[in-house]
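Data first, discussion second: the structure below is written as structure tokens.
Residue indices begin at 1 and follow the sequence shown.
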Amino acid sequence: MGGNSPCASCKLLRRRCAKDCIFAPYFPSDDPHKFAIVHKVFGASNELPVHQRADAVSSLVYEANARVRDPVYGCVGAISYLQNQVSQLQMQLAVAQADILCIQMQHEPAMPSPQMDPQDKSFLVQNSLPQYLNFGSSGNVIQYDSLKRESMFGDMIS
């Protein structure tokens with residue numbers, strides 16, 4: 001930078017901004033908050049190779065803002081929240097897939113049970129799936145036992 005307008009780093013640290021200041025490209029003078037928050041949380045260092053500095057600054061600004069918003073968890077809190085959301089959506093997807101399977105089973109015509117090979121995977125599905133379904137007294141309505149549904153679809157959610 002040098003000259004009239006020191007970079008945000010040099011301005012905050014009250015230094016003379018040299019022409020080859022390593023902070024100047026990443027912390028322009030018109031955005032002093034960007035360096036201030038990074039410096040407050042992480043301090044200032046110039047130990048990174050040049051090709052990694054832009055990514056490091058972006059990451060530091062993001063993490064510093066997250067730490068200011070949530071001093072205890074920082075960006076880990078946001079990550080945990082998003083992971084929880086993904087888990088909930090995976091569970092909803094598994095439930096929807098189970099509903100589709102049950103509806104498909106309702107609409108398929110009843111077929112006589114042919115002699116099945118126990119190695120055949122369709123044999124296993126046909127013979128183990130009904131134990132997870134509880135056909136209610138109201139005709140075609142299928143009621144689920146939630147514990148059985150969770151154990152049946154637990155592998156799909158993980």
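- Interatomic distance, I103 CD1 to H107 NE2, rounded to the nearest 0.5 Å: 6.5 Å.
- The side-chain heavy atoms of V57 and F23, taken from C-beta on, include no pair separated by under 4.5 Å.
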Next on the checklist: Walk me through whether L13 and F35 qualify under side chain to side chain contact (heavy atoms under 4.5 Å, CB included).
Outcome noted: CA-CA 10 Å; L13 299 174; F35 180 78; 4.0 Å; yes
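- Residues passing the side chain to side chain contact (heavy atoms under 4.5 Å, CB included) test with Q52, sequence neighbours excluded: L48, P49.
- In this structure, D70 and V72 have side chains that are in contact, with non-hydrogen atoms separated by less than 4.5 Å.
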Checklist entry - How far apart are the C-alpha atoms of L101 and Q97, what are their side-chain angles, what is the distance that settles it, and do they pass the side chain to side chain contact (heavy atoms under 4.5 Å, CB included) test? => result CA-CA 6 Å; L101 179 64; Q97 288 172 335; over 6 Å; no
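- Residues Q92 and V95 have side chains not in contact (no heavy-atom distance under 4.5 Å, counting atoms from C-beta outward).
- R67 places no side-chain N or O within donor-acceptor distance of the main-chain N or O of Y62, the cut-off being under 3.5 Å.
- The side chain to side chain contact (heavy atoms under 4.5 Å, CB included) test with S29 is passed by exactly one of P6, C7, S9, S5: S5.
- V38 is not listed as a side-chain neighbour of K34, based on a closest heavy-atom distance of 4.5 Å or more.
- The side chain to side chain donor-acceptor pair (under 3.5 Å) test applied to S59 returns E63, not counting sequence neighbours.
- With contacts defined as side-chain heavy-atom distances shorter than 4.5 Å, the pair C10/C21 qualifies.
- With a 4.5 Å cut-off on side-chain heavy atoms, L82 and Q85 count as touching.
- The OH atom of Y26 sits 9.0 Å away from atom CG of D55, with the distance rounded to the nearest 0.5 Å.
- To the nearest 0.5 angstrom, I22 atom CD1 is 4.5 Å from R53 atom CZ.
- I37 meets the side chain to side chain contact (heavy atoms under 4.5 Å, CB included) test with H33, A64, N65, V68; sequence neighbours excluded.
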